[in-house]
Amino acid sequence: MSSLLHRAFLLLFLYFCLLDCSVWAKVELSMHESVEVYLGDSAEIPCQYSFTDTGNKPSFVMIQWFVRGEGNISRKRIFYGDGSQEMVDEDTDYSGRIEVTSDQQGTRLVIQDVQLSDEREFFCQVNGLIAGNAEGKTHLRVFAPPQAPVIEGVAPGISVTNEMPSKVASCEARNGFPKPNITWYRNNVPLASAPGQVNVLILVTREPSGFYSVQSTLEYKVVKEDKDARFSCEVSFFVPRAIRTSESQSVNVTVHYPTTMVELWKESPQGLVKEGDTVELRCQGDGSPPPPFIFNREQEPDVDLESRGNVLILPSVSRKDSGLYQCRPLDSDGQTDVKGEVQLTVHYLDAAVVVPKDSEVMQKGEDLIASCNALSSLKTSTVWYKDGRQVGHGNTLHLHDASYDTSGEYVCEVTVPSLPDLHTSGSVHIIVQGGPQLVGVEQEVQLEEATGRMVNLSCEALGHPLPSISWNIVGSQNWFEVVSKANEHMTHSVVSVKVTSDISALCNASNNMGAEVKAFSIKAIPRVTTPAPFSPAEGSGVIIVVIILSLLLLAFLGSVIYFLHKKGKIPCGRSGKQEISTKEKTTKDDIVVEMKTNAKNEEAVLLKAVNGDKKGPSDQVTRLSESVGVFGRRAIDRLPVTPNTPPPPSANRCGAGVLCKYVSVRTRSRTPPPPRRVSEDVEAS
């Protein structure tokens, strides 16, 4: 305390001394008007001074720093220095946070960890004793950027019918320093306050920490076009030596407005509508929110149709559901021109009507015109079919010169080319009436058949009424009917006849319209046996085997006959006779051999061998042996006969299939013998 008083008296003394002495020099001092710094950084405030008369520069300079207190109260010293000592005043907000450096050009105050409360005026005072003193100040500005702005739109919609501006959204920027500013935008275009159109309400709050929070509310008179508008806010704030901005997200405002336009259309089915379909009509307007709709038909404007919101469902429609349908919004406030319309046409195809109906009886040779019609809302196409085959096209079917082939069911199919799901059909049964008509071009059939065979005779007759068939068979009592069947248009009969002789058969077809006859003539041929001709199918192996067997048999028979000739033994046939007469005067050259057989029997054997029935291999071998017997017999006829040699007892026994002969032997004189005469009569064994 005593040191302070000492200093005060010293200063006062110096001051009075200066008043009495002439001024040798003056102090000139300069400082920045303001210094800007971010919150938490270090602030540096320079103070530069000089003396006007450098030759009389004082040797003693005292420097002091002061700060103005809050509330613009008196200032307070925070630093003192006189060249011999430097001192930071205690018990101030800057004790321990400031540092002062000095040199020939001036002094510099450095404040560490700048706080919001440091935004004050700082004073620098320089005292040069006889040179006088000078003082300057600098305003320290502290900046803290606010948090990003937060925008919030109103939840409920805003109606365009509101007379005054309505709250659209609010925007808040928190913890900024100094106070930030908020600007509103609509589709990136700034909004300015306008009475009755745009109001901006701002609420600034100073937080206990010293920061500023700003809340801005936008009131706006919306119109229908604002339903797609985007609103946003922008916060602008100061930073050292600049201004920065931060933009919020954009929000859309739900705008409520009445319906001014309505559209009604057919949702399903796609394309044309036919009877039985389920039709869905959908109505949509431009109102917000979408209003409920009422549906009705123009023919019945006072009858409301039951619907589901904006959808009208018509199940299983018929032609009576055709008409003009309308829908109106409930928020139209009775405006009759706010409605949607759609024309519904239900297409149809009635059942086909065929004339003549069901069935029609025609006479052979007549003409007939049948018609098929079906009432439809669209153009139709008609095709006629018989037995699945197309026989006509168009609504009418022309039948000319009717025959039994004309009979049958005719089906007409009616379709709608533009709507294939619509189709119908009808039919007519045509019956052609007339006398019997035998099937086949031949009215008389001639046949040849072997005796004993069974022959099938077939007879078919067309006609209406259905003809009956009867048979008249002459020449055979052994016949019977094996097939007898009939359908709607034809009778069919088959008889089996045994051929015993020539046969004449008549097929009589008759009904109450007439009769027709078909004749069959069968010539009986005696049954003969003929060698079965070799067919290529039997193969060359069979032929070779038969030839070998034949050669072996010929060789064997020749050997036997030659042996018997040498022994004087002549074989005899079963039915032939053998006469041997000898005379006393005979020689070998007087012998005449006569061989007689029954010619008819031999011919029968040959025919049987050539034309015999088809037999097994053993039968063929037997016939071959018989044929070979003939040739063997001829070989015997040409052999010399030994006279006076009686045949052995076994000569009368002939082998199976071997033709035997009775031989007459006469003994003549020794005169030269006449030429040998051989006569052969063949008789069937």
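A cation-pi arrangement is absent between Arg186 and Tyr220 under the rule of less than 6.0 angstrom and at most 45 degrees off the ring axis.
When the shell of 6.0 Å around NE2 of His32 is examined, it contains 12 or fewer heavy atoms from other residues, nucleotides or ligands.
A donor-acceptor contact under 3.5 angstrom links the side chains of Ser42 and Gln112, judged on distance only. For Gln147 and Arg174, the side-chain atoms include no donor-acceptor pair closer than 3.5 Å. The closest side-chain donor-acceptor pair between Gln284 and Glu263, if any, does not fall under 3.5 angstrom. With hydrogens and angles left out, the side-chain atoms of Ser377 and His347 include a donor and acceptor closer than 3.5 Å. Counted by atom type alone, Asp350 and Tyr348 present zero donor-acceptor pairs between their side chains at under 3.5 Å. Judged purely by distance below 3.5 Å, without hydrogens or angles, the side chains of Tyr94 and Asp118 pair a donor atom with an acceptor atom. Side-chain contact, Tyr385 with Glu413: no donor N or O sits under 3.5 Å from an acceptor N or O. Under 3.5 Å, the side chains of Glu172 and Gln215 contain no donor-acceptor pair of N or O atoms.
The shortest distance between side-chain heavy atoms of Val160 and Pro258 falls below 4.5 Å. Between Tyr49 and Cys124, every side-chain heavy-atom pair lies at or beyond the 4.5 Å cut-off. Within the 4.5 Å cutoff, the side chain of Ser307 has no heavy atoms near those of the Phe293 side chain. Glu121 places a side-chain heavy atom less than 4.5 Å from the side chain of Phe123. Proximity of Met87 to Arg77: side-chain heavy atoms (C-beta onward) are separated by under 4.5 Å at one or more points. You'll find the side chain of Leu312 stays beyond 4.5 Å of the side chain of Leu264, heavy atoms only.
Lys227 has no carboxylate O lying under 4.0 Å from a charged side-chain N of Asp286, or vice versa, which leaves the two without a salt bridge. The pair Asp91-Lys76 fails the salt-bridge criterion, with no side-chain N (NZ, NE, NH1 or NH2) lying under 4.0 Å from an Asp/Glu carboxylate O.
In this structure, the separation between CD1 on Ile78 and CD on Gln64 is 11.0 Å, given to the nearest 0.5 Å.
The aromatic ring centres of Phe177 and Phe211 sit 6.0 Å or more apart.
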